[in-house]
Colleague: 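To start, I am sharing the structure in question, which I have written as structure tokens.
Just so it is clear, the structure is predicted and the values come from calculations on it, not from any experiment. Throughout, protein chains are lettered first and strands after them, A, B, ... in sequence-line order, and every chain is numbered starting at 1.
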Amino acid sequence: MNDDKIIFHAGSVGEIIEELEKIKPGLEGRINATPENVDSGLAKLVLTLIELIRKLMEKQAMRRIEGDTLTDDQIENLGETLMKLENKMEELKKIFNLTDKDLNLNLGPLGDLM
Amino acid sequence: MSLLLYAIIDNKKVDYEINEFIDKLALDTNVRLQIIRLNNLYALVSSISREKSDVSRNDLLIYAEIVDKISEKYTVLPMRYGSVLDADNDVVIYLKNNESSFTDSLELLYNKEEYAVKLLFSAKKNNAPVKDTFSCQKKSLPAVLQGNTESKKYLLNKYENYTVQEQRDKYIENIKSYFASKIHTIATYVDFKKPLSSTIIIDAVILIEKSKKNELLDIVLKMQALYPEHNIILTGPWPPYNFTKI
């Protein structure tokens with residue numbers, strides 16, 4: 001970006017660059033499937049979708065807790081289910097050599113999936 | 001040879017200087033633009049070798065610079081790099097197929113400029129107290145989570161994170177609402193983009209009349225005064241890349 005395009009900024013230029021560097025949109029979050037890596041590319045896609053659903057379930061559970069509509073038994077079941085789901089996801093991530101950062105998709109102008 | 005399309009302009013709004021402008025641009029950028037006309041629409045193109053499949057960063061920068069210079073002078077519909085057509089006639093067909101929508105868009109964009117505003121979380125500036133201390137604002141914990149079982153401990157941890165995130169979202173929403181209420185008083189169009197990272201609070205592109213630049217700057221300065229713990233960046237004017245489909 002040309003300096004003359006920056007009309008106003010607060011903080012030092014170094015700090016601004018540092019903040020913008022954190023954004024790093026682009027290739028990282030895209031599925032890069034080739035004949036050689038199609039297995040891991042598909043695993044990344046599938047696990048990303050599972051992770052999205054898991055997080056939605058978790059959020060819905062928190063809303064129900066907030067609404068105070070769950071009994072003690074339901075809380076125990078819910079906690080155990082979510083805990084097992086999270087552990088299972090960790091196992092799958094290890095098998096396919098993926099990290100939390102990998103489980104996202106860049107949807108271009110729509111931003112990241114998660 | 002093919003034709004690389006840079007921008008479309010409406011010749012009703014173009015004065016006799018265009019050839020002079022193209023000559024100057026050729027001196028500055030080493031790219032000679034040609035004009036292909038259809039009624040009131042001008043397409044600004046340059047010749048490009050079909051064999052050229054490798055695109056360098058410099059090619060993109062020159063392309064952006066040319067579109068930028070055209071937009072400084074005229075109201076434009078800017079193209080994205082890679083808009084390549086085979087021959088003059090293809091450009092004419094392209095203009096013909098879209099003549100009415102191009103003309104309408106150029107009319108809406110006339111005498112307006114695009115600016116971008118980003119409001120960033122920043123914990124470093126001025127040692128000001130950062131309002132991003134949402135963990136201090138925890139809601140009271142639901143009674144149903146009290147207990148010592150593994151399930152409850154797990155859910156309690158999740159619930160605390162959830163409430164922090166909720167507070168953060170609410171905080172961002174308040175800032176965004178305030179900014180929107182101010183910016184809508186001067187902007188023709190505003191597009192709030194989904195932030196690309198959690199570092200960003202507001203990522204907005206704004207279309208305003210050229211005469212309202214100082215009012216925009218004034219809003220940004222007031223926002224900065226109101227939220228000194230965050231960094232605001234105002235950039236522009238840009239070719240109206242984000243408003244070509246309005």
Colleague: Do any N or O atoms from the side chain of A:Lys5 and from the backbone of B:Pro237 form a donor-acceptor pair under 3.5 angstrom?
Modeller: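 Checked: pair present.
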Colleague: Is the CG atom of A:Asn97 crowded by more than 12 outside heavy atoms at less than 6.0 Å?
Modeller: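 No.
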Colleague: Is the shortest distance from a Lys or Arg side-chain nitrogen in B:Lys152 or A:Glu80 to a carboxylate oxygen in the other one below 4.0 Å?
Modeller: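 Looking at B:Lys152 and A:Glu80, the cut-off is not met.
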Colleague: Do other residues, nucleotides or ligands put more than 12 heavy atoms under 6.0 Å from B:Lys182 NZ?
Modeller: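 No - once you tally the heavy atoms of other residues, nucleotides and ligands closer than 6.0 Å, there are 12 at most.
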Colleague: Measure the spacing between OG1 of A:Thr81 and OH of B:Tyr154 and express it to the nearest 0.5 Å.
Modeller: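 Going from the OG1 atom of A:Thr81 to the OH atom of B:Tyr154 covers 10.0 Å.
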Colleague: Side chain, backbone, both or neither: which part of A:Leu82 has an atom under 4.5 Å from a heavy atom of chain B?
Modeller: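 Both the backbone and the side chain of A:Leu82 come within 4.5 Å of chain B.
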Colleague: To the nearest 0.5 angstrom, please state how far the CG atom of B:Leu234 sits from the CD1 atom of A:Ile6.
Modeller: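 Atom-to-atom, B:Leu234:CG and A:Ile6:CD1 are 10.0 Å apart.
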Colleague: Tell me if a side-chain donor or acceptor on B:Ser151 pairs with a main-chain N or O of A:Glu76 at a distance below 3.5 Å.
Modeller: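 Confirmed, B:Ser151 side chain pairs with A:Glu76 backbone.
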Colleague: Do B:Tyr162 and A:Glu58 have side chains that get closer than 4.5 Å, going by heavy atoms?
Modeller: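 The answer is no; the side chains never approach within 4.5 Å.
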Colleague: Report, as yes or no, whether the 6.0 Å neighbourhood of atom NZ on A:Lys84 holds more than 12 heavy atoms from other residues, nucleotides or ligands.
Modeller: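 Open.
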Colleague: May I ask you to test the A:Phe8-B:Leu221 pair for a side-chain heavy-atom distance under 4.5 Å?
Modeller: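 Counting from C-beta outward, A:Phe8 and B:Leu221 do come under 4.5 Å.
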Colleague: Measuring from atom CD1 of A:Ile75 to atom CG of B:Leu156, what distance do you get when rounded to the nearest 0.5 angstrom?
Modeller: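 The distance works out to 10.5 Å.
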Colleague: Under a 4.5 Å heavy-atom cutoff, which of B:Leu61, B:Val117, B:Val144 has the most pairs with chain A?
Modeller: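 Of the options given, most contacts go to B:Val144.
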Colleague: Heavy-atom distance under 4.5 Å between the side chains of A:His9 and B:Thr235, does that happen here?
Modeller: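 Counting from C-beta outward, A:His9 and B:Thr235 never come under 4.5 Å.
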Colleague: Out of B:Lys158, B:Lys153, B:Glu150, which residue meets the side-chain contact (heavy atoms from CB on, under 4.5 Å) rule with A:Met83?
Modeller: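 It is B:Glu150, the one option of B:Lys158, B:Lys153, B:Glu150 that forms the side-chain contact (heavy atoms from CB on, under 4.5 Å) with A:Met83.
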Colleague: Is the shortest heavy-atom distance from the side chain of A:Met62 to the side chain of B:Leu155 under 4.5 Å?
Modeller: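 The answer is yes; the side chains approach within 4.5 Å.
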